Trainee: 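The structure follows.
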Amino acid sequence: MTMMLAAAPEAETFVTHLECGYTGERFEADKLHNLSSAGKPLLVRYDLDGVKGALTKDVLKNREPTLWRYRELLPVRKTENCISLGEIMTPTLPMPTLSKQAGSAGIFVKDEGRLPTGSFKARGLIMAVSMAKELGVKRMAMPTNGNAGAAMAAYCSRAGIESYVFAPEDTPEINLREIAEQGAKTWRVNGYIDDCGKIVGEGKEAMGWFDTSTLKEPYRIEGKKTMGLELAEQFGWDLPDVILYPTGGGTGLIGMWKAFDELEKIGFIGSKRPRMVAVQAEGCAPMVRAYEAGERHAQRWENAQTIAMGIRVPQAVGDFLIMDAVRESNGFAIAVSDEVIEKARTEVSKTEGMLLCPEGAATYAAYQAARADGRINANETCVLFNCATGLKYPLPPMDQSLDRHQPIDYAALARA
Ligand SMILES: *Cc1c(COP(=O)(O)O)cnc(C)c1O
């Protein structure tokens, strides 16, 4: 029997307009948009009373376990424009042994590595590309640290849209090859992701492409929002106490925060919110610096360096939206070193059998640090985000070999 993973429920969309996340200025739906006139991200607004009348928890129960199950809260108007490569609801897995060791009420991992192209960038890009298809875009471009480019390449190829991707030259080889193999015209650039973003922005006129940079188009947030919708549904519409999110551009954190707001307005959840924790790497922590300085905007982080490439983002255009969610939720921002990230990855792999990506491992390292300094306590239920499959990243070497022509000292195997 085949599961119809691609099937999106037939539904009208409830989008009313778009709104500048900073000034509140209104923009028309059904038109191509990048940033607002204030140079800030746009947020999609819905007729939530209409959604409330159309979507119930029971209706949801009978839908396929895919991202399109939340169709009424998503922006695509025509079902024929909902592309798909099989976006499952990702499992939220307990970590029984580590939770017990930590004396915790529960530490869970939302494993996003199981999505198409192996990362949660699929959620954002499926929405951006579906909307681009709906609005007649023929060519898309973006800067990427790897995973976003891979997702855009795949969905663009699926939708018959041409794609251009620019990545820092030290982006892991596997990501660059994945992007190119999935059909994007791909370049290594001698700079950071924001330097690549400049090339995309400045090439717009000459190339006529649509700039799909993080938060510079309105729909990636809507796709990432489904993480919050799924989490709420998976927790029986009673949200966990703390969410630890590895934060680069912050799309997911902002998206989940928006999801909770919309869920409350349609009566699915109450006013309780998780504390939102922005996790960054010590080698690139602009949000942590801004948080600690009590600021709403973050300065660019110079000489950014970390093994967690997905969060190596020196400057985020949605900085104030990240800060607002963190502060309003009574959360915090925290940085961890590459060394503890690697230690955390090893610990989770060897103890729970889950191979996290470095960004995901950073959330576990942050959990441990925050338990130690008292910012998270034992009776709080916590969700860590593993944003990509660990298989996309360099791993510690395995260099043991056996010579089958020599006698084997079996007892020695156990001591290795
Ligand atoms: C993009 C990315 C992040 C950061 O996500 P944002 O929502 O842009 O902050 C974290 N981890 C991985 C693996 C990523 O690819």
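The structure displayed is predicted, hence computed values, not measured ones. Each ligand, and each atom within it, is numbered from 1 in the order the structure gives.
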Trainee: Taking both backbone and side-chain atoms of Gly249, is any N or O found less than 3.5 Å from an N or O belonging to ligand 1?
Mentor: yes

Trainee: Determine whether the side chain, the backbone, both or neither of Met309 has a heavy atom under 4.0 Å from any heavy atom of ligand 1.
Mentor: neither

Trainee: Are any of the N/O atoms in Gly248 less than 3.5 Å from those in ligand 1?
Mentor: yes

Trainee: So how far is it from Leu93 CG to Met354 CE, rounded to the nearest 0.5 Å?
Mentor: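 Answer for the CG-CE pair, Leu93 versus Met354, is 5.5 Å.
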
Trainee: Tell me the protein heavy atom at minimum distance from atom 14 (C) of ligand 1, and give that distance in Å.
Mentor: Lys121 NZ, 2.9 Å

Trainee: As an exercise, identify every atom of ligand 1 less than 4.0 angstrom from a heavy atom of Glu359.
Mentor: 10 (C), 11 (N), 12 (C), 13 (C)

Trainee: Show me which atoms of ligand 1 lie under 4.0 Å from any heavy atom of Gly252.
Mentor: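 With Gly252 as reference, the close atoms of ligand 1 come out as 7 (O).
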
Trainee: Considering the heavy atoms of Asn147, write down every atom of ligand 1 situated less than 4.0 Å from one of them.
Mentor: 13 (C), 14 (C), 15 (O)

Trainee: Is the backbone of Asn330 close enough, under 3.5 Å, to the side chain of Arg275 for a donor and an acceptor to pair up by distance?
Mentor: yes

Trainee: Can you list the atoms of ligand 1 that are under 4.0 Å from a heavy atom of Lys224?
Mentor: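 Close to Lys224: 5 (O), 6 (P), 7 (O).
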
Trainee: Taking a cutoff of less than 4.0 Å between a non-hydrogen atom of the residue and any ligand atom, is Gly250 in contact with ligand 1?
Mentor: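 Yes; Gly250 lies near enough to ligand 1 that a heavy-atom distance drops under 4.0 Å.
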
Trainee: For Glu181, is the CD atom crowded, meaning more than 12 foreign heavy atoms sit under 6.0 Å from it?
Mentor: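 No, because the 6.0 Å sphere around CD of Glu181 holds 12 heavy atoms or fewer from other groups.
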
Trainee: Answer yes or no: is there a side-chain heavy-atom contact under 4.5 Å between Arg300 and Tyr192?
Mentor: yes

Trainee: Give the residue, atom name and distance (to 0.1 Å) of the protein heavy atom nearest atom 12 (C) of ligand 1.
Mentor: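 The answer is Cys387 CB, 3.6 Å.
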
Trainee: Answer yes or no: is there an ion pair linking Arg63 with Glu72, defined by an N-O contact shorter than 4.0 Å?
Mentor: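 Between Glu72 and Arg63 there is a salt bridge, with a charged N closer than 4.0 Å to a carboxylate O.
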
Trainee: Is it true that Glu112 lies under 4.0 Å from ligand 1, counting heavy atoms only?
Mentor: no

Trainee: Does Thr92 use its side chain to pair, donor to acceptor, with the backbone of Lys110 at less than 3.5 Å?
Mentor: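 The answer is no, because no donor-acceptor pair under 3.5 Å joins these two groups.
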
Trainee: In terms of side-chain heavy atoms, does Thr212 have a donor or acceptor partner in Arg220 at a distance below 3.5 Å?
Mentor: no

Trainee: With heavy atoms under 4.0 Å as the rule, classify the contact between Val313 and ligand 1 as side chain, backbone, both or neither.
Mentor: neither

Trainee: Heavy-atom contacts with Thr247 under 4.0 Å: which atoms of ligand 1 show up? List them by number with element.
Mentor: 9 (O)

Trainee: Suppose I only count heavy atoms of Phe120 and a 4.0 Å limit; which atoms of ligand 1 are within that range?
Mentor: 1 (C), 2 (C), 3 (C), 5 (O), 10 (C), 14 (C)

Trainee: Does NZ or CZ of Arg273 lie under 6.0 Å from the centre of the six-membered ring of Phe260, at an angle within 45° of the ring axis?
Mentor: no

Trainee: I need the atoms of ligand 1 closer than 4.0 Å to a non-hydrogen atom of Ala388, numbered in the order shown.
Mentor: 13 (C)

Trainee: How about CZ on Arg188, more than 12 heavy atoms from neighbouring residues, nucleotides or ligands closer than 6.0 Å, or not?
Mentor: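 At most 12 heavy atoms, drawn from other residues, nucleotides or ligands, come within 6.0 Å of this atom.
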
Trainee: Can you tell me if Pro246 contacts ligand 1 (heavy atom of the residue under 4.0 Å from the ligand)?
Mentor: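 For ligand 1, residue contact (heavy atoms, under 4.0 Å) with Pro246 is present.
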
Trainee: Please could you name the atoms of ligand 1 that Thr251 approaches to less than 4.0 Å, counting only its heavy atoms?
Mentor: 6 (P), 7 (O), 8 (O), 9 (O)

Trainee: Can you figure out which of Phe385, Tyr393, Tyr245 has its heavy atom closest to atom 13 (C) of ligand 1?
Mentor: Tyr393

Trainee: Is Lys258 paired with Glu222 through a side-chain N to carboxylate O contact shorter than 4.0 Å?
Mentor: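 Here Glu222 pairs with Lys258 in a salt bridge, since their nearest N and O are under 4.0 Å apart.
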
Trainee: Please indicate whether Lys272 has more than 12 foreign heavy atoms, meaning atoms of other residues, nucleotides or ligands, lying under 6.0 Å from its NZ.
Mentor: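 Atom NZ in Lys272 is crowded, with more than 12 foreign heavy atoms closer than 6.0 Å.
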
